[in-house]
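Data first, discussion second: the structure below is written as structure tokens.
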Amino acid sequence: MHRVLNVAEKNDAAKSLARLLSKNSASMREGFSRFNKIYEFNYQLFNQPAQMIFTSVSGHIMNSDFTAAHNSWAQVDPVVLFDAPVQKKITDRAADIEKTIKREIIKCQTLIIWTDCDREGENIGYEIINLCRPLKTGLKIYRARFSEITYDSAVRALLNLIQPDERISAAVDVRQELDLRIGAAFTRFQTLRLQRLFGFDSKQIISYGSCQFPTLGFIVERYLQRENFIREPFWKIIVEHQIENNQFCEFTWERNRLFEHQPCLMIYDMIMDEPLAKVIDIKSKNKSKWRPTALDTVEMEKLASRKLRMTGKKTMDIAEKLYMKGLISYPRTETNIFPSEINLHPLIQNQINDQRWGAFAQRVLNDGPRPRNGKNTDKAHPPIHPIRYPDGQLTDEENKLYELIVRHFLACVSKDAQGDETIIKINISNEIFHASGLIIRERNYLDVYIYDKWSEKELPHYELNQTFYPTKIEMIQGETSPPQLLTEADLIALMEKHGIGTDATHAEHIAKIQERLYTKMNSDRRFEPEKLGLGLCEGYDKMGHALSKPHLRSELENQLKAICEGRANPADVLREQIDKYRQVFIVTAAQIQKLDDAMTKYFGPPGQNPPPPPPPRPPPSGPFGDRTNRNQPPSERTNSLNRPLQVSRNNNNNQSARPQQLNRPARPLQQEQIRPTNNNNVPKCNCNVDAKELTVKKDGPNKGRSFFRCGNNDNCNFFAWKDNTTSTSTYVGNNQRQYGDNQPNTTRQRRQSDNDEDGKQRKCGLCKQTGHTRRNCPSLNL
DNA sequence: GCAAGGTC
């Protein structure tokens with residue numbers, strides 16, 4: 001009989017495929033590897049009966065390495081590693097698998113490759129082919145292409161067998177060889193040098209890898225952004241309305257905030273002249289809060305990190321255990337679309353007896369499950385979902401992750417939450433403020449998905465065109481705050497965005513750079529670089545090769561894609577990349593002093609052993625504590641600059657009466673206000689007396705900076721930085737500020753941060769709208 | 001002793 005050897009990427013896939021195609025009649029026997037069984041059944045293939053033999057590998061069975069001649073770190077110049085011979089060998093772990101395949105192929109006339117239909121899968125396929133082909137002349141070789149492991153897919157694959165794609169496999173060979181050569185050369189070079197000069201332990205490897213270094217680079221970059229952040233003051237106006245029956249409404253300024261004190265004060269002053277508010281718009285609309293999309297690996301890692309405080313590595317380890325126990329589907333998947341073939345009902349049915357979510361599962365069954373799908377598929381695995389309900393004890397951590405997966409799954413197949421949102425806009429002296437409220441109508445998925453919050457906010461009743469006097473109108477000052485250090489979820493998202501690593505390896509790279517002592521997770525579960533990580537990044541950055549940046553890897557990724565699509569020749573790409581990196585290596589070695597200098601900064605001069613501790617780094621903090629960056633949602637903490645201006649209502653219908661104004665600020669003097677009025681450059685305040693010069697005493701970037709306030713016992717709200725008052729004054733504060741062109745440094749900082757990498761249009765410095773600059777900002781035409 | 005990629 002025609003015998004066909006079918007080889008899948010892992011035992012689980014071989015088992016499922018055999019079970020599906022045989023309609024549960026496949027027999028099982030042992031191979032040499034206790035993890036990779038052999039499944040057999042008869043099948044009608046190519047219109048003739050065939051004996052199908054299914055077995056598997058466990059991912060790659062081969063590994064690339066240098067030959068023994070280049071193994072010595074001490075005797076081989078690392079630059080030689082760019083050209084030294086590299087050989088692929090069956091790994092020790094795969095020796096048993098190799099024996100099984102070699103024994104089985106002898107009996108067969110046909111080989112069908114069932115590895116995952118991705119780039120690595122194609123390469124693993126060739127590892128199998130190269131093992132089998134020499135053993136059997138005339139062996140027919142096919143590739144089964146399938147998008148998921150279901151009966152229909154498997155049958156379709158057998159009816160449409162194709163040839164394996166050599167180009168895809170070649171792309172992986174290029175990646176492997178480059179990773180090895182570059183990683184080994186730089187790792188040996190920097191490890192030996194830094195051990196010798198800075199006294200690192202001979203066991204401490206200071207590795208370089210094309211994924212681990214950009215990962216470290218993300219952490220260092222964010223850390224430095226935070227260290228170098230210059231806080232900017234801003235001003236905003238808030239409006240409150242307290243109604244008699246204890247109802248209260250706070251209105252937000254449509255301009256959000258201004259980064260200049262004077263325009264804000266001018267607007268505030270105008271508002272205070274005519275503080276009558278008029279309701280100009282009331283909009284109510286349905287609002288949905290979407291249920292989560294089907295769960296893929298990256299999302300699971302991010303969620304577990306955020307909600308369960310579990311590291312990516314831990315998450316994957318536990319997921320692996322749950323998978324091995326048959327509780328969840330395969331945990332390494334890029335797919336967030338449930339294939340139409342998958343029957344969700346029994347999967348939901350499994351959960352209906354659980355105390356915590358059983359009732360919800362029943363509700364989903366009654367309503368009919370409707371998964372919310374994402375947009376990705378790896379054509380190999382379904383989204384992560386529960387397979388069965390645990391019958392034994394799970395550890396605490398297993399329980400937590402299983403719960404997350406079940407709740408996510410049930411949420412995904414249920415319904416979006418529904419609410420009614422109301423937005424009320426008011427106009428006060430042509431300035432617009434708004435308030436929004438929310439009433440949740442149907443919680444739906446929120447009932448099971450305890451990780452999402454949607455808070456209700458009730459608004460008082462307002463009528464269109466109604467007028468009222470706010471009970472409080474206040475101008476307050478706040479300050480921008482530096483971006484936060486990266487969480488693991490942030491880091492994984494960045495890696496994914498820049499194509500660093502794969503869904504299966506993100507967590508490993510993050511674990512690796514901690515093991516290497518380049519970075520650590522602090523008590524807030526955020527990553528901060530260690531001095532070794534800082535020194536490495538700084539040293540290499542000074543050389544200008546961007547080795548700690550993601551671009552090199554992204555660029556390689558593009559070339560690999562070109563190889564896969566036949567647009568590039570693998571040998572050309574390999575040669576070009578090796579030449580490029582050899583050159584980078586040579587230049588790096590030539591200017592290695594730059595790395596030494598950076599390391600010296602953190603570990604003291606070479607030759608000292610053990611290295612001295614680095615100077616202490618004070619954590620960035622300011623008078624307003626940690627807050628979001630100003631590009632992030634405005635949850636800023638503020639302090640009151642002007643005395644709260646209480647506007648009291650003195651009649652009952654919220655209308656007509658003019659508020660009693662207390663402590664009303666004097667009208668600003670506009671430009672005159674900041675004109676120096678004597679030889680000492682002391683301006684007049686709004687009371688027309690010499691302003692009082694003060695110095696910022698609070699810790700923060702403005703500490704030590706001089707400013708002017710009202711010289712008349714704080715009677716007015718005058719404020720000006722001393723270094724903004726004259727064209728000749730030069731301010732040199734702490735080392736974060738140094739400028740002599742009379743441009744407030746804050747402006748420069750803002751430009752940098754506004755010029756974001758997505759190339760969005762620059763916003764006006766005053767009102768933060770696009771389409772004009774601060775010079776012709778409409779807010780100045782008051 | 002080095003990388004990154006599969007997987008158990």
Would you please confirm or rule out a distance under 4.0 Å between OP1 or OP2 of [N] and any side-chain N or O of [X]?
X        : N     : result
A/Thr505 : B/dG5 : yes
A/Arg516 : B/dA3 : yes
A/His60  : B/dA4 : no
A/Ser207 : B/dA3 : yes
A/Arg332 : B/dT7 : yes
A/Gln176 : B/dA3 : no
A/Ser202 : B/dG1 : no
A/Arg553 : B/dG5 : yes

Among [options], find the nucleotide with the atom closest to the side chain of [X].
X        : options             : value
A/Trp73  : B/dT7, B/dG1, B/dA3 : B/dG1
A/Ser58  : B/dC8, B/dT7, B/dA4 : B/dC8
A/Ile97  : B/dC8, B/dA4, B/dC2 : B/dC8
A/Thr191 : B/dT7, B/dG5, B/dG1 : B/dG1
A/Glu120 : B/dG6, B/dT7, B/dC8 : B/dG6
A/Asn71  : B/dA4, B/dT7, B/dC2 : B/dC2
A/Tyr323 : B/dC2, B/dG6, B/dC8 : B/dC8
A/Phe66  : B/dG1, B/dA4, B/dC2 : B/dC2
A/Phe35  : B/dG1, B/dC8, B/dG5 : B/dC8
A/Ile124 : B/dT7, B/dG6, B/dC2 : B/dG6

- Query: Using 30° and 60° as the class limits, which term best fits the ring planes of A/Phe146 and A/Trp114: parallel, tilted or perpendicular?
  - Reply: tilted

- Message: Does the plane of the ring in A/Phe213 sit parallel, tilted or perpendicular to the ring in A/Tyr518? Use 30° and 60° as the thresholds.
- Response: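 Rings of A/Phe213 and A/Tyr518: perpendicular, over 60°.
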
What's [X] touching, base or sugar-phosphate or nothing? Going by heavy atoms closer than 4.0 Å.
X        : value
A/Gly501 : sugar-phosphate
A/Met62  : base
A/Tyr208 : sugar-phosphate
A/Gln195 : base

Atom-to-atom span, [atom1] of [X] to [atom2] of [N] - whole angstrom:
X        : N     : atom1 : atom2 : answer
A/Asp96  : B/dT7 : CG    : P     : 19 Å
A/Phe213 : B/dC2 : CZ    : C1'   : 13 Å
A/Ile206 : B/dC2 : CD1   : P     : 13 Å
A/Arg175 : B/dA4 : CZ    : P     : 9 Å
A/Asn36  : B/dT7 : CG    : C1'   : 9 Å
A/Asp12  : B/dT7 : CG    : C1'   : 11 Å
A/Tyr330 : B/dT7 : OH    : P     : 3 Å
A/Glu508 : B/dG5 : CD    : P     : 9 Å

- Would you say the side chain of A/Asp65 and the base of B/dC2 hold a donor-acceptor pair, judged only by whether the two atoms sit under 3.5 Å apart? yes

- Establish, yes or no, whether a centroid distance under 6.0 Å links the rings of A/Phe200 and A/Phe603.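 When the ring centroids of A/Phe200 and A/Phe603 are compared, they turn out to be within the sub-6.0 Å range.
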
- Item | Validation row, ring centre A/Tyr39 to ring centre A/Phe54 under 6.0 Å | no

- A/Tyr330 ring centre to A/Lys10 NZ or CZ under 6.0 Å, with the angle to the axis within 45°? yes

- A/Arg167/A/Glu565 salt bridge by N-O under 4.0 Å criterion: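 Looking at A/Glu565 and A/Arg167, the cut-off is not met.
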
- 5' priority, DNA chain B, between A/Arg93 and A/Asn63 [closest heavy atom]: A/Asn63

- Message: With a sphere of 6.0 Å drawn around CD of A/Gln393, does it hold more than 12 non-hydrogen atoms of other residues, nucleotides or ligands?
- Response: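 Not more than 12 within 6.0 Å, no.
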
